[in-house]
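Report on the following structure.
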Number of protein chains: 2
Amino acid sequence: MNIEKSILSEIYKGMSFSCEEALFIESKLEKLELKKGATLLKNGETVLHQYYVYNGCVRTYFMDRSGKEHTLQFAVNDWWISDYTGFFSSTKAIMNIEIIQDATLYKISRKDTEALFCEIPRLETFFRKKMEGAFASFQQRILASLATSAKERYVSFIGLYPQIEQRVKNYHIASYLGITTESLSRIRKELTQE
Amino acid sequence: MNIEKSILSEIYKGMSFSCEEALFIESKLEKLELKKGATLLKNGETVLHQYYVYNGCVRTYFMDRSGKEHTLQFAVNDWWISDYTGFFSSTKAIMNIEIIQDATLYKISRKDTEALFCEIPRLETFFRKKMEGAFASFQQRILASLATSAKERYVSFIGLYPQIEQRVKNYHIASYLGITTESLSRIRKELTQE
DNA sequence: TAAATTTATTACCATACATCAATTTTTGAG
DNA sequence: CTCAAAAATTGATGTATGGTAATAAATTTA
């Protein structure tokens with residue numbers, strides 16, 4: 001139980017809970033250990049869970065009609081990930097979630113997420129603030145895609161997420177930046193020549 | 001007071017309040033009537049408020065180094081708008097907020113927003129759910145920018161937001177889609193020819 | 001360590017969209 | 001209603017990034 005208690009202090013950093021509360025929260029979380037290459041969620045499945053990434057690396061990606069993959073998000077330590085379009089409305093996934101580096105995750109259902117907010121309202125506040133940060137990041141990403149070149153976006157990405165860059169393939173990064181792996185390769189070459 | 005009460009039933013559709021609660025909420029909201037062309041917020045100012053759009057039309061845009069404008073968001077009836085990157089962290093705006101059609105707005109400060117959540121927790125739930133919807137929309141927009149052509153994004157935009165399309169200039173739409181006004185013009189021509 | 005597989009690079013050509021410069025059409029102030 | 005200003009369109013040309021194909025480098029597996 002001490003070990004379990006420590007995961008709550010990771011997930012809900014800065015918060016403290018009564019023993020009763022901690023037990024209640026833990027009863028809703030399920031630990032998963034997954035290997036690289038595993039699929040957490042497939043396009044078309046109902047999105048029932050979101051996942052807290054304790055370690056490892058995970059991504060969500062969309063596959064278009066022509067079969068090209070487009071990475072929406074990477075998640076490493078202390079991020080939450082899901083197909084939120086489906087999760088929030090309990091509808092079908094439009095994306096896939098893939099483990100790209102062996103990972104330890106904690107999963108929780110939509111229903112249990114709401115139950116926790118209901119029982120322990122300060123969890124709702126905690127989560128809202130996390131979401132505010134993620135919301136702002138997505139806005140910045142849209143602005144970047146509107147206002148900057150592929151090269152600038154790549155430089156900004158490796159500055160912002162050095163821990164991700166080291167752990168994922170270049171073709172993952174290219175699909176996140178919205179360019180081909182060949183274009184990324186050319187950009188990387190230019191950068192080394194500067 | 002009856003008139004004022006009705007605005008709460010617009011803003012917080014589906015919720016009901018005691019008389020005391022209604023007065024408390026109203027005390028935090030300030031009504032604004034603004035003309036087309038007015039600026040609500042300028043790049044560099046501290047973001048202290050968010051705005052509920054009762055009617056009219058508002059947009060947030062980013063101006064890049066070369067002077068080009070990039071529209072992040074339009075807001076019409078029943079949308080909230082602000083520079084959320086700044087609002088959530090009470091830091092400086094990176095965007096501008098412009099009235100593009102005479103508008104009636106209700107503004108509330110970050111501090112008062114938090115005070116409302118604290119006093120009336122179900123407002124926090126209400127707001128969280130609104131934000132979940134907005135969050136999902138932004139994710140979809142990123143996916144669209146990664147996976148689809150300008151023409152597809154335009155067709156999708158007018159299908160999704162017909163009420164906005166009628167009220168804004170084509171160059172606003174172009175700056176939202178991430179293309180030039182000339183390119184949008186050519187796309188429109190192709191569509192009429194099909 | 002060698003072989004097989006995956007990933008990254010490079011070259012050459014194609015395309016979507018940008019830029020620049022008129023011109024036409026629409027809007028709105030007086 | 002008129003006319004000036006704003007917005008949209010069009011044509012000619014430029015550029016960033018895409019597509020294809022071949023090769024090289026890195027990683028995984030046997």
Side-chain angles (χ1 to χ4, degrees), chain A residues 35-38 57 59 61-71 74 98-102 144-158 164-194, chain B residues 35-38 56-57 59 61-71 74 98-102 142 144-158 164-194:
Chain A
K35 289 288 174 192
K36 179 177 170 174
C57 188
R59 71 165 180 145
Y61 67 93
F62 171 76
M63 184 165 286
D64 69 24
R65 278 157 272 147
S66 75
K68 258 175 296 180
E69 295 181 0
H70 305 276
T71 299
F74 295 110
E98 181 193 15
I99 308 295
I100 54 181
Q101 205 170 60
D102 293 1
S145 87
L146 293 173
T148 65
S149 69
K151 188 173 178 177
E152 288 171 294
R153 297 201 302 280
Y154 177 64
V155 171
S156 153
F157 177 83
I158 59 183
I164 293 177
E165 191 229 349
Q166 292 156 19
R167 300 161 84 169
V168 305
K169 301 293 177 194
N170 283 340
Y171 64 81
H172 289 138
I173 297 177
S175 82
Y176 175 93
L177 295 174
I179 58 177
T180 58
T181 172
E182 293 90 340
S183 290
L184 178 55
S185 183
R186 287 171 205 121
I187 287 168
R188 287 162 50 81
K189 189 181 183 185
E190 282 177 49
L191 289 171
T192 58
Q193 286 169 351
E194 272 164 20
Chain B
K35 289 286 173 192
K36 179 177 168 175
C57 188
R59 70 164 181 147
Y61 67 93
F62 171 76
M63 183 166 286
D64 69 25
R65 279 157 270 146
S66 75
K68 257 175 297 182
E69 294 181 0
H70 304 278
T71 298
F74 296 110
E98 180 193 14
I99 308 294
I100 52 181
Q101 207 172 58
D102 294 1
I142 291 173
S145 86
L146 293 174
T148 65
S149 69
K151 187 174 179 178
E152 288 171 294
R153 297 202 301 279
Y154 176 65
V155 170
S156 153
F157 176 82
I158 59 183
I164 293 178
E165 190 229 349
Q166 292 156 18
R167 299 161 84 168
V168 306
K169 301 294 177 195
N170 282 340
Y171 63 80
H172 288 138
I173 297 178
S175 83
Y176 175 92
L177 295 174
I179 58 177
T180 60
T181 172
E182 293 93 337
S183 289
L184 178 54
S185 180
R186 288 178 196 113
I187 287 168
R188 286 161 51 81
K189 190 182 183 184
E190 281 177 51
L191 289 171
T192 58
Q193 286 169 351
E194 271 166 18

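Note that the structure is predicted; figures quoted are calculated from it, not measured. Every chain is numbered from 1, with letters handed out A, B, ... down the list of sequences.
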Rounded to whole Å, the CG-C1' distance (B:Leu184 to D:dT9) equals 11 Å

Distance-only side-chain donor-acceptor flag, A:Tyr154 / A:Arg188, under 3.5 Å: yes

Checklist entry - Looking for any heavy atom pair under 4.0 Å, which part of the strands does A:Lys189 touch: base, sugar-phosphate only, or nothing? => result sugar-phosphate

Check against side chain to side chain contact (heavy atoms under 4.5 Å, CB included), A:Thr180 and A:Lys68
CA-CA 10 Å; A:Thr180 58; A:Lys68 258 175 296 180; over 6 Å; no

Q.
Taking only side-chain N and O atoms of B:Ser185, does any of them lie within less than 4.0 angstrom of OP1 or OP2 on D:dT9?
A. yes

Separation of D:dG18 atom P from A:Lys68 atom NZ, nearest Å, is 8 Å

When rounded to whole Å, the CD1 to P distance for the pair B:Ile179 and D:dA16 reads 19 Å

Expected list for residues 164-173 of chain A near DNA chain C, using heavy atoms below 4.0 Å, is A:Lys169, A:Asn170, A:Tyr171

- Message: Does the plane of the ring in B:Phe74 sit parallel, tilted or perpendicular to the ring in B:His172? Use 30° and 60° as the thresholds.
- Response: perpendicular

Q.
Is it true that A:Arg153 and A:Thr148 share a donor-acceptor pair across their side chains at a distance under 3.5 Å?
A. no

Side chain to side chain contact (heavy atoms under 4.5 Å, CB included) between B:Tyr171 and B:Leu184, worked out
CA-CA 8 Å; B:Tyr171 63 80; B:Leu184 178 54; over 6 Å; no

Note: chain A reaches DNA chain C at heavy-atom distances under 4.0 Å over the stretch, first to last nt, 5' to 3', of C:dT7 to C:dC12

By nearest-nucleotide position on DNA chain C, the 5'-leaning member of B:Ala150 and A:Arg188 is A:Arg188

Rounded to whole Å, CD of A:Glu182 lies from P of D:dT23 at a distance of 16 Å

Do any N or O atoms from the side chain of B:Asp102 and from the backbone of B:Lys35 form a donor-acceptor pair under 3.5 angstrom?
no

Look at A:Thr180 and D:dT17 and indicate whether a side-chain polar atom (N or O) is within less than 4.0 Å of OP1 or OP2. no

When rounded to whole Å, the CD to C1' distance for the pair B:Glu190 and D:dT10 reads 13 Å

Legend entry - Distance-only side-chain donor-acceptor flag, B:Glu152 / B:Ser149, under 3.5 Å: yes

Between A:Ile187 and A:Ile179, does the side chain to side chain contact (heavy atoms under 4.5 Å, CB included) criterion hold? Intermediate values first, please.
CA-CA 10 Å; A:Ile187 287 168; A:Ile179 58 177; 3.9 Å; yes

From CZ of B:Arg186 across to C1' of D:dT9 the rounded distance in Å is 9 Å

Between B:Glu69 and B:Ser175, the two heavy atoms sitting closest are O-CB, 3.4 Å

